[in-house]
Each structure stands twice: as structure tokens, then as C-alpha cells.
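By convention in this document, chain letters (A, B, ...) are assigned in the order of the sequence lines, proteins followed by strands, and residues within each chain are numbered from 1.
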Amino acid sequence: MITLSKPKVLICSGWPYASNVPHLGNLIGCLLSGDALARYYRLKGCDVLHVSGSDTHGTNIEFEAFKRGVSPKELSDRVHQQILEIIKAFEIDMYYTTTESPTHYRFVHDLYKKAEANGYITSLEEEQAYCTHDGKFLADRFIQGTCPHCGSPNAYGNQCDDCGTLLEPSELKNPRCRICGQSTISFRKTRNWYLDLPKLEPQLKAFIAAKGFQDNVGKFTENLLKEGLKPRAVTRDLEWGIPAPFQGAEGKVIYVWAEAALGYVSATMEYFEKQSNPRGWEPFWLDEGKSVKHVYTQGKDNIPFHTIFFPAQLLSSGTRYHLPDQISATEYLNWIGGQKFSKTRGIGVYSDEALKLLPGSYWRFYLLLLRPEQRDIDFSWEDLDKAINGVLANNIANLIHRVTSLAHRSYGGIISPTAIASPVSKAIEGTKAKYQQAFEAGSIAQALRHVADLAVVGNEYVQKERPWEGQKPEVIANAYALAKALAILLSPFVPSFSERVYRVLSLNAPTLDDVGRLEQREIRLGPPERLLEKIDIEEVRAAYDQMKGDKKP
RNA sequence: GGCGGCGUAGCUCAUUUGGUCUAGAGCGUCCGUCUCAUAAGCGGAAGGUAGUGGGUUCGAAUCCCACCGCCGCCA
């Protein structure tokens with residue numbers, strides 16, 4: 001018998017910025033969506049790797065570190081550790097690294113050296129703000145001054161938050177350095193290196209046309225291409241970051257946008273290095289064909305990075321890397337009343353705080369069910385309550401408990417190998433088909449809704465057949481088939497919950513193929529178990545209020 | 001200001017390329033009911049002029065135009 005190698009799937013989740021732990025919106029957009037997809041493809045029997053890591057460079061981290069009086073390295077290391085804990089608590093099963101990894105440095109160096117050799121790197125001398133007191137060039141955000149339009153004294157070098165006008169650093173009146181607070185700013189000439197995107201445009205267009213990205217992803221990308229691409233600077237005069245490998249660029253670093261996404265490749269390399277299989281990454285990245293599928297999850301703001309800038313970086317190397325196949329982008333999850341999450345202003349729940357309120361699996365279920373796939377949504381306690389108590393507890397967990405209790409009460413906990421009645425098997429097969437279709441299209445919330453719908457069918461069925469009256473072993477067998485299908489289909493969303501159900505239903509590492517499959521022999525159920533505790537949303541809310549209250553000075 | 005996206009019952013969403021009649025479902029609400037189950041389940045009812053206003057069509061939530069609101073990109 002010939003065993004074909006399993007289809008490979010690489011899930012790439014957007015890299016959390018290591019200035020702070022991710023908030024709920026970041027989490028659902030990147031890592032959680034990626035985990036659900038990865039688990040789905042594993043359930044289907046694919047060879048799956050899910051990678052991401054902490055994005056540790058850039059001026060935001062430098063500034064945040066400065067505010068806290070620590071080095072950028074100290075700050076990002078600390079946040080990275082926190083994120084690792086969060087990943088564990090949210091039951092995310094992936095390879096998570098950081099842009100500080102040596103493999104990443106090496107890969108970024110190699111790639112840009114090749115890009116330079118291939119003639120895709122140009123350089124240009126420009127004037128940039130420089131603080132003579134601190135002796136360094138200042139990123140736009142590090143300069144503050146008076147807005148020339150509205151007169152606000154708190155405008156930044158890139159924009160005035162008070163009137164919304166976009167600015168150039170040179171437009172600010174009385175510019176001062178946000179690091180030392182002094183007005184010791186002058187403009188000096190400096191040379192920076194650019195990725196020649198216009199030169200890569202034909203290749204990019206061919207790639208985008210070939211992949212045919214859907215919906216908002218396609219539109220975003222088209223618009224950007226329509227406007228025409230300009231060369232983008234890939235270096236900056238900073239100390240924190242990956243040193244630029246170009247001739248004459250000593251003392252400069254590769255700017256964060258130009259290296260973080262390359263981490264998808266270097267993380268894959270690093271994963272296989274640790275498996276003592278240093279060439280294991282190649283089938284994932286060097287096969288241009290259909291035997292590997294690349295799916296990216298991130299917030300909508302990152303779409304162009306993944307459809308244009310990141311592919312451009314890969315193309316500039318001259319190596320024919322596998323380019324993105326699918327972008328599963330989310331809209332935004334905002335806080336109550338449409339407010340933006342803000343750590344400093346104390347708005348919203350960050351992932352570390354979320355875990356103090358409820359276990360990770362509860363958040364998973366809520367976030368994946370309400371995943372913003374069509375438009376921005378606002379968090380609400382009511383939705384959280386409905387998702388957990390209404391859908392997961394009352395409908396799903398209760399149905400499974402109901403079935404196992406019935407089986408034990410009147411049938412000795414034994415499921416006989418009966419054929420599944422056609423309406424039940426039809427419902428299971430129909431759900432499975434819609435579920436797969438949704439997942440393959442990257443519509444994770446939709447897949448979960450199909451599962452929830454099956455639980456409704458299950459309750460209707462049990463109610464109608466009344467297996468608590470007389471002996472109806474075939475009804476119990478059908479109900480068992482429903483419970484089993486639910487447990488398996490739910491595993492990409494709430495893995496620990498599914499594991500508990502597997503134990504009760506006597507299932508051993510089932511796969512997608514087991515959904516709707518006929519039992520060959522008698523099954524002896526484990527003792528009925530209360531599978532999920534409900535939440536008291538008012539208590540959770542009170543705990544949240546207290547947590548936030550404690551933080552205020 | 002320019003470009004793009006979105007706008008369906010209180011909430012979350014369905015309505016495959018415009019056409020099964022009174023636009024569906026879950027949750028919530030109200031009424032009824034079973035009792036195996038986590039005060040869960042089931043049945044029924046109320047609830048939408050599909051953002052608004054025009055237009056195309058025999059027929060539009062689904063196509064076109066304008067306006068309003070939200071979001072994003074750009075200036």
C-alpha cells in the first residue's frame with residue numbers, strides 16, 4: 001500500500017507587538033483564530049504547523065520601554081514571557097518564538113543581502129529630526145510640538161491627535177524631544193535604504209491575480225495596487241532592532257515592518273532546527289504548488305502587509321518561496337460602546353486580565369463565536385453571558401450530559417451499535433459539510449455556529465423521541481452519535497471541553513472522519529459528568545469593575 | 001476632501017449567482033408544556049416598511065444613483 005504524505009498546512013498568525021500583552025481583539029484576530037484553524041486541519045488529518053511570535057522591535061517598544069525606565073530588550077523579554085503564559089492558558093497549541101531569535105536575525109540578513117544583490121534595494125539621503133541632547137535620530141512619534149493647524153501643544157511628528165491632521169515633523173512649531181523633553185532638535189541628513197516595490201510590481205500583480213483573494217482582502221489589495229506602489233524605506237536610524245546588512249548602512253537597523261513578517265519563515269526554520277530536522281522547513285516554504293497551503297490570520301489593518309509587502313520581501317530574495325494562499329482577516333473587536341481598547345486609559349480587557357475573570361476556554365468560545373468576520377463588533381457582557389450560558393452550557397453541554405445520564409439511567413451506560421436514523425445522520429452529515437466549507441473559507445465563527453445549530457437539532461430530537469419512556473436503545477444510539485459529533489466538531493474551539501467529553505463518551509483521539517461514523521461495537525460510557533460550570537455574569541462584571549477600580553490611581 | 005468596505009428583528013447571524021408565496025434561525029421577552037438533563041429541554045406568540053430616498057426589472061435585502069451612519073486607507 002502506498003501511503004501518500006499528508007497535505008501540509010502552515011498557519012501563520014499575526015505577530016503580537018511586545019509592548020503589551022494582547023487585548024481580546026488582538027487575541028481573536030491573530031493567535032486564537034490561528035489556533036482554531038490549526039486544530040481544524042489537524043482534526044482533518046493534515047500535517048499542520050502554526051507559527052507566530054513576539055514582534056519585539058520598533059519605536060513603539062523603544063518609547064514604551066523608555067517610559068517605564070527599562071531597556072527595550074528587558075521590556076520585550078518580559079512581555080514575551082507573559083504572552084507565552086497567555087498562550088498556554090488560552091489552550092493555544094503552536095510554535096511561538098520572537099523576532100529576537102538568532103535564526104530570525106540570520107534569515108533577515110540573508111534575505112536582504114540577496115535583495116540587494118538582486119537590485120531591489122535602493123538608497124536615498126533625507127533630512128531627519130535629530131536630538132542633539134540625546135545624540136540620536138528621532139522617529140516621528142518621538143517629537144512633540146505645537147500643531148500648525150489647531151494650535152494644540154501636544155501634536156506628534158506624524159499627526160495631531162487633537163485635530164487629526166497628518167503632519168511632517170518639520171511642520172511642528174516649537175518641536176521638542178519626547179525622550180529628554182528638551183527643544184534640542186535639529187534636522188540632519190541621513191541615508192536610508194528602500195525596497196524597490198515598483199520594480200517588484202509585475203511579480204506581485206501576477207501573484208495576486210493567481211491567488212484571487214476574496215472579499216475585503218481582495219479589495220484592500222486592489223486599491224493599494226491601483227494607487228501605485230512606492231519604494232518603502234526598510235532601514236531606520238535606531239539602535240533597537242536587527243542591524244541592516246547593506247553596504248554603508250552600519251549603525252542602522254532594519255525597520256520593524258520590513259522584518260517582523262519574515263518571522264513566519266524563520267520561525268518555521270527554528271521549529272525544525274529544534275526538532276533536529278534542519279531541512280524540515282523546506283517542504284513548507286519551498287514548494288510552490290498545492291501540496292502546502294498557507295493561511296494567515298490577523299486584523300484587517302495588516303492585510304496589505306500580507307498580500308503586498310511580505311510577498312514583496314520574499315520575491316526580492318530571488319528564492320521562490322511559497323506565497324500566501326489565504327488571508328483570514330478579522331475586523332475589530334472594540335470595547336463596550338465602540339471604545340478602542342487602551343491599556344493606559346484602562347479601557348477593555350487584556351488577555352492577562354481576562355484570565356483572572358474566567359478560564360481561557362470560556363473566552364475562546366465567546367471570542368470564536370463572535371469573531372468579527374463581517375464588521376467591527378463591540379464587546380458586551382450580555383453577549384458573553386449568552387455565548388457561555390445560553391449556547392455552550394444550556395444547549396451543548398447540557399445535551400451531552402443529558403444523553404449520558406439517560407444512557408446510564410435506563411440503559412446501563414451502554415450504546416449498542418445501531419444504524420443511525422436518517423434524519424439524525426442527515427443533520428450530522430449536513431453540519432459536517434457546512435462546517436468544513438466554512439473552515440476552508442476561513443469563516444471560523446460560521447463553522448462554530450453550524451455546530452451550535454446541530455445541538456439545537458439534537459435537543460429537538462431527544463425531546464421528540466422521549467427515550468426516558470420505555471426502552472429505546474436506538475434513540476440513545478442516535479443521541480450518542482449527535483453528542484459525539486458535537487464533541488469532535490467543537491474541539492478546534494474549546495479543546496479542553498472536548499477532551500472532557502471524549503472521556504465521558506469513551507472516545508480516544510477521534511478525527512473528523514469519526515463524525516457520523518457508525519459504531520462497530522458496543523460502547524460503554526464513562527460516568528456522567530457535569531461538563532461545564534455556568535458563569536454568573538454579574539459576578540464577572542463586578543470582578544472586572546473591581547479589577548479596574550484597583551488600578552486607578 | 002478622495003477611494004473602499006459595511007448598515008437585515010432587543011442581541012448575534014442566515015438568506016449560493018435578483019424569483020418557492022406573509023425575509024429565516026438562535027439567544028432574549030411573553031404564553032404553554034415535558035421532566036431524561038446544568039431552574040436545562042420542547043412547542044407557540046409577539047417582534048423587521050432589510051439605514052433613508054429614488055431608479056432598473058414581470059419581480060430586489062440581493063443590481064444602479066443619491067443621502068445618512070459606522071469602519072478603514074489615502075490626502
Nucleotide [N], atom [atom2] - distance to [atom1] of [X] in whole Å:
X: A:Ile476; N: B:A37; atom1: CD1; atom2: C1'; answer: 11 Å
X: A:Glu331; N: B:C71; atom1: CD; atom2: P; answer: 12 Å
X: A:His401; N: B:A37; atom1: NE2; atom2: C1'; answer: 7 Å
X: A:Leu525; N: B:A37; atom1: CG; atom2: P; answer: 15 Å
X: A:Glu373; N: B:U12; atom1: CD; atom2: P; answer: 14 Å
X: A:Phe497; N: B:U38; atom1: CZ; atom2: C1'; answer: 11 Å
X: A:Leu225; N: B:G4; atom1: CG; atom2: P; answer: 15 Å
X: A:Asn394; N: B:C27; atom1: CG; atom2: P; answer: 9 Å

Quick one: which of [options] gets closest to the side chain of [X]?
X: A:Gln446; options: B:G41, B:A37, B:A14; answer: B:A14
X: A:Arg449; options: B:C71, B:C13, B:A37; answer: B:C13
X: A:Val456; options: B:U12, B:G26, B:A14; answer: B:G26

Would you say the side-chain atoms of [X] pair up with the backbone N or O of [Y], donor to acceptor, closer than 3.5 Å?
X: A:Tyr40; Y: A:Ser491; answer: no
X: A:Ser328; Y: A:Gly442; answer: yes
X: A:Gln128; Y: A:Phe187; answer: no

Test salt bridge (Lys or Arg N to Asp or Glu O under 4.0 Å) applied to A:Glu201 and A:Lys205, step by step: CA-CA 6 Å; A:Glu201 209 170 296; A:Lys205 281 185 170 161; 3.2 Å; yes
Distance test, side-chain N/O of A:Lys340 to OP1/OP2 of B:G72, below 4.0 Å: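 Yes, because at least one side-chain N or O of A:Lys340 sits under 4.0 Å from OP1 or OP2 of B:G72.
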For the [atom1] atoms, the ones on [N] and on [M], what distance do you get once it is rounded to whole angstrom?
N: B:U57; M: B:G72; atom1: P; answer: 39 Å
N: B:C64; M: B:U56; atom1: C1'; answer: 7 Å
N: B:C65; M: B:U29; atom1: C1'; answer: 40 Å
N: B:A37; M: B:C13; atom1: C1'; answer: 28 Å
N: B:A50; M: B:A60; atom1: P; answer: 12 Å
N: B:G51; M: B:U62; atom1: C1'; answer: 16 Å
N: B:A40; M: B:U33; atom1: C1'; answer: 14 Å
N: B:C30; M: B:U20; atom1: C1'; answer: 31 Å

Check: A:Arg402 side chain, B:C36 base, donor-acceptor under 3.5 Å: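 Flag set: donor-acceptor pair detected.
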Partners passing ring pair (Phe, Tyr, Trp, His ring centres under 6.0 Å) against A:Tyr350 (at least two apart in sequence or in another chain):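 Result, ring pair (Phe, Tyr, Trp, His ring centres under 6.0 Å) vs A:Tyr350: A:His23.
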Distance under 6.0 Å and angle within 45° of ring axis: A:Arg409 vs A:Trp468: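 Here A:Arg409 fails the 6.0 Å and 45° test against A:Trp468.
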Cation over ring face, A:Arg364 and A:Phe90, 6.0 Å, 45°: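 No - A:Arg364 does not lie over the ring of A:Phe90 by the 6.0 Å and 45° rule.
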Who pairs with [N] - Watson-Crick or G-U, where each distance is under 3.5 Å:
N: B:A37; result: none
N: B:C6; result: B:G69
N: B:U17; result: none
N: B:G26; result: B:C11

Using a heavy-atom cut-off of under 4.0 Å over every strand shown, decide if [X] touches base, sugar-phosphate, or nothing.
X: A:Ala397; result: base
X: A:Arg530; result: base
X: A:Leu532; result: base
X: A:Ile377; result: sugar-phosphate
X: A:Lys472; result: nothing
X: A:Asp376; result: sugar-phosphate

Worked check of side chain to side chain contact (heavy atoms under 4.5 Å, CB included) between A:Tyr544 and A:Glu539: CA-CA 9 Å; A:Tyr544 168 79; A:Glu539 271 178 25; over 6 Å; no
I'd like a list of close polar pairs between nucleotides 7-11 of chain B and the protein, N/O only, cut-off under 3.5 Å.
| unit_1 | atom_1 | unit_2 | atom_2 | d |
| --- | --- | --- | --- | --- |
| B:U8 | OP2 | A:Arg375 | NH2 | 3.4 |
| B:G10 | N2 | A:Lys386 | NZ | 3.3 |
| B:C11 | O2' | A:Asp383 | OD1 | 2.7 |

First of A:Lys230 and A:Leu406 reached from the 5' end of RNA chain B, by closest nucleotide: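 Looking at the nearest nucleotide for each, A:Leu406 comes out on the 5' side.
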Nearest-nucleotide comparison on RNA chain B, the residue closer to the 5′ end among A:Arg466 and A:Ser405: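 By nearest-heavy-atom nucleotide position, the 5'-most residue is A:Arg466.
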Aromatic ring pairing A:Phe493/A:Phe439, orientation class (parallel under 30°, perpendicular over 60°, tilted between):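 Because their plane-to-plane angle is under 30°, the rings of A:Phe493 and A:Phe439 count as parallel.
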Distance-only side-chain donor-acceptor flag, A:Lys293 / A:Tyr41, under 3.5 Å: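 Yes, because at least one side-chain N or O of A:Lys293 sits under 3.5 Å from a partner of the opposite role on A:Tyr41.
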